[in-house]
Every structure is written in structure tokens, then in C-alpha cells.
Amino acid sequence: MKSAVETLNPTRVRLTVEVPFEELKDSLDAAYKKINQQVTVKGFRKGKIPARVIDQRFGRGAVLEEAVNDALPKFYTEAVNEAELNPLGQPEVDITELKDGETLNFTAEVDIRPAIEIPDYSGIEVTVDAVEVSHEDVEKSVEQLRERFASTSPVERAAEDGDVLTIDLQAKVDGEVLEDGVAEGVSYTIGSGELLEGIDEAVKGLEAGGEATFTSELKGGSAEGKEAEVTVKVTQVAARELPALDDDFAQLASEFDTLDELKADSRKRLENMKQYDQATQAQERVLDELLKLAEVPIPEKLLADEIQTRKHNLEHHQLGQMGIDLAKYLEIQGKTEEEFTAETEEQAVKGIKTQFILDELVNKEKLNVNQEELTEHLMRRAASSGMSPDQFAQAVVEGGQVPMLVGEVARGKALAVVVEAAKVTDTNGEVVDLDDAEDEAAEAAAETESAEDEAAEKTEA
């Protein structure tokens, strides 16, 4: 087999391949065997039909077509390996000549990873937000914990902001009550922004037994998106009562004996999380500067596929879970379809550039991923997906996604190399030491999760 490579542009090549006919022998034998198992010829047992009879009855062309289809992937792969190419996606193959008993010639056009020259990134400088936790931040954190321990008690008065109501709902469209438009005993907190637009104004001022009617666009169900006449009846008004902020509350809601200790711990957690946010900000800004320095050609088809994938995931997964379509999403975001498309393309270009240059850095720095690093990454991905580590690991293995995870870890290590070489200062002019920032944040997140679990258990108790 002979092959030659023609560079069409920095991200696409054309392979020209010439295959001597004798190299098709194995594929021809396989083609005759396959046809033998599929056809029946009188006077011959199934699977024992001679090749000459198959040629006479079904045509030599059918055999050649089957053999070429079988052989092309192998010859294409050999040509790619010989040229040391990194193809992206499937090739466009064109058989230019097929002479029985003589030769098979074909061309294959395919996108490839472009050659990238890693720029000198040692001079990158970025500024990030300073880690500052205010008195108001601590008070807000403690107040959120206090909200979790609020209690409710029925009151005989008109409903006010913050009250918890028990309500019955009935929705009509065009004067007809919807089959799925009736609900009883629904709990609703005034001002929460849940349920239907306009419900807060309707229930404020009502006492138990009172009812009101308002018009609202339905967010789900059989008449989703339609204007409905909604009747709401209040069956109970309950006031929320917050526990006093004192040492007793600290003992109730946490492991600490005093309110001062609880506030000090809240401050520490907030500082750790802000350090994590700072490290993330540093990574993003260093990456942006690195991308500005590097020339990275983008394959057109890869870009088009990436844009389509992003749009599909948004429409059919994220927006689907929210119960809205793309038009409604754009209306909420205040964007035109053209602006959305341009934004999606910009994000796709950045994503492809990032992967290309970080993969090149992985090769240049000879970065490897060990089992411990892969396991830690898998645990984090499992937590963010809402699956257990075992479930996530099984899904990854069954889906053949292990190489993808390895790539993510390796690219993370490559970015860390660039961040380490960069000068990072905060808005106060202080040099930021990012060492162990992620470990501290992970520890803080684990502590926060543990504290929330403990608070939840105490609330339920």
C-alpha cells in the first residue's frame, strides 16, 4: 500500500491511497463467505457455493463492493498511522479507481488536530478578587441557618409576607376546569416566588376561609404556557417564628456551645470558600490570557458539531428540566436568536481552543494521570451529578468514558502548570498563594456538607 498526504488547510488533509489488489485477498475471502451465508443456490449446500457460481449468479461487482467496504477502514487507518496524523471525526472517502485484479485507489479527506506552538506563558499576570469576609456576610450565613430552624404556628389574622399558607387551587382555561388543574392542601410561603405569578398579590390580606381569583400563565401541565383563571382558597394561615440568636440556638443548630463560636466557624467556612472562588477565578483568567497568546486554528466541521451539541444539550436537557423552550429562555434572557447563536459559537470556539492547547501542554510537559488522581476526579464528578461514586463509575465504564475523564484530569494538571508560572495578585495588590487552595476548599465543602446534614437531622428531630 502507498499513501500520500496533501494539506488542504491547517486543520484538514487529503490522503491519497493506492492498494495493490493482492492486499484485498482477505477481504475478498470474507466477502464470499458472508454472501455464502446469506444466499441459497439450488444444487449447493448453504455455505458451500463456489466463488465462480456466486460471481455468475450475483455478479463480481457485488463481491468487490462488499470486500472494499470491509477493507477501507483498515487501509485508511494504516495511512493515518503512517502519516502520524491525529484525525478528528469521520473521513469523507471517495473511491477514485477500482480495477478488478489490479488496484484499488481512494482518497480520504479528514479534519485533523492542528499543530500548535505553545507560547511563553511565564509572563502572564492576572488580578483576582481579594478574600474578604464582612460582618454582613457572617450575619447572613447565620441567618440562613436560623431560617432552617424556623417553626410555624396557625394564626387568626390576614395573611402577610413570609406567612406559610395552606391553599386549594383550581385553574380554568376558556371557562373549563382543567383535569390536572385542581390541587388541595398545598403549602405556600408568601414571597417565595414559587407556584404562579400573581399568587402573592391574590392571597395577601386573606384570612383562613377566604378566596380570590387571578389570571396567570401556567408553568406546567396539559395547558402549559396558556393564560388561566386561577381560584385560590386559603384554608390556613401560619406565621413563621425564628429562634432567638443566642447560645441556646448555637447548641441547637451546631456542635458549638456559644453563638460567638458558631459565628467564628461561619467566618472560617466563608473564607475557605472564597479562597476556592479566588483559585477558580485565577485559573479562568490565566486560561483567558493563555488563549490570547496562542494561535489555534479551528476545524470548521468540529466547530459546527460543537455548536449543535451545545444547542441540543441546552434545549433538550437543561431547558427541558426547567419546563421551558428556547424561545421562552431567550425572552427571559433578553436575547435575540442571533445573539444567542453568536454567544454559543464564541463559547464553542473557546472550548475547542482550550482542549487543543491544554492537550498539547500535556504532551509537552509529559503529564501523566495516576489512579489516585482519577479516583478523586471521579468522586467530584459523581457528587456534582447527584450519583453515588459506584453508580457514576459504572456509568463511565459502560459508556466508554474513562479516556474522557483521564483527559479532563490531565488538562487540569496542564492548566495548573501555567497558573503556577503566572503572577496572581488580588485587588488589594497582595500576591496570591494558590498552593493547596483546592484542598482547603474541598475540606471546607465537606465540613459544610457535614454541618448541613447535622442541621437537617436536628431539624427533623
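Excluded from the calculations below are hydrogen atoms, water molecules and symmetry mates; all remaining heavy atoms, backbone and side chain alike, are included.
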request  = Rounded to the nearest 0.5 Å, what's the gap from OG1 on Thr344 to CD on Gln308? Could you check?
outcome  =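 One gets 10.5 Å once the value is rounded to the nearest 0.5 Å.
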task = Mind checking the CG-CZ spacing from Leu262 to Phe256? Nearest 0.5 Å is all I need.
result =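 Rounded to the nearest 0.5 Å, the CG-CZ separation comes out at 7.0 Å.
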Whether the side chain of [X] engages the backbone of [Y] through a donor-acceptor N/O pair (distance < 3.5 Å, no angle test) should be reported.
{"X": "Lys274", "Y": "Glu132", "answer": "yes"}
{"X": "Arg146", "Y": "Pro243", "answer": "yes"}
{"X": "Asp70", "Y": "Glu66", "answer": "no"}
{"X": "Lys413", "Y": "Val362", "answer": "no"}
{"X": "Glu194", "Y": "Ser192", "answer": "no"}
{"X": "Glu373", "Y": "Asn370", "answer": "yes"}
{"X": "Thr166", "Y": "Thr235", "answer": "no"}
{"X": "Asp137", "Y": "Ser134", "answer": "yes"}
{"X": "Asp168", "Y": "Gly185", "answer": "yes"}
{"X": "Arg267", "Y": "Val133", "answer": "yes"}

inquiry  = Using the side-chain hydrogen bond (donor to acceptor under 3.5 Å, both in side chains) definition, which of the options Lys268, Arg269, Lys263 pairs with Asp265?
reply    =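 Running side-chain hydrogen bond (donor to acceptor under 3.5 Å, both in side chains) over Lys268, Arg269, Lys263 with Asp265 returns exactly one hit, Arg269.
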Does a side-chain N-to-carboxylate-O contact under 4.0 Å join [X] and [Y]?
{"X": "Glu343", "Y": "Arg310", "answer": "no"}
{"X": "Lys301", "Y": "Asp305", "answer": "yes"}
{"X": "Arg240", "Y": "Glu147", "answer": "yes"}
{"X": "Lys204", "Y": "Asp163", "answer": "no"}

Please tell me if the side chains of [X] and [Y] come closer than 4.5 Å, counting only heavy atoms from C-beta onward.
{"X": "Glu109", "Y": "Arg12", "value": "yes"}
{"X": "Asp129", "Y": "Asp277", "value": "no"}
{"X": "Val406", "Y": "Val409", "value": "no"}

query = Given the rule in the salt bridge (charged side-chain N to carboxylate O under 4.0 Å, His left out) test, do Lys140 and Glu143 qualify, once you have shown the distances and angles that lead to the verdict?
reply = CA-CA 5 Å; Lys140 181 179 179 181; Glu143 189 63 26; over 6 Å; no
Side chains of Gln278 and Asp426, donor plus acceptor under 3.5 Å =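 There is no such pair (donor and acceptor under 3.5 Å, judged by atom type) between the side chains of Gln278 and Asp426.
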query = Do the side-chain N and O atoms of Thr231 and Glu211 include a donor-acceptor pair separated by under 3.5 angstrom?
reply =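 Side chains of Thr231 and Glu211: no pair found under 3.5 Å.
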key: side chain to side chain contact (heavy atoms under 4.5 Å, CB included), paired with Val13, selected from Asp111, Val110, Val80   =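 When side chain to side chain contact (heavy atoms under 4.5 Å, CB included) is applied between Val13 and each of Asp111, Val110, Val80, only Val110 qualifies.
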task = Scan Val234, Ile167, Val237 and name whichever one has a side chain to side chain contact (heavy atoms under 4.5 Å, CB included) with Leu206.
result =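 Result: among Val234, Ile167, Val237, Val234 is the only option passing the side chain to side chain contact (heavy atoms under 4.5 Å, CB included) with Leu206.
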inquiry  = I'd like to know whether Ser153 forms a side chain to side chain donor-acceptor pair (under 3.5 Å) with Glu241, so could you lay out the CA-CA distance, the side-chain angles of the two residues, the decisive distance to 0.1 Å, and finally the verdict.
reply    = CA-CA 8 Å; Ser153 57; Glu241 298 177 0; 3.0 Å; yes
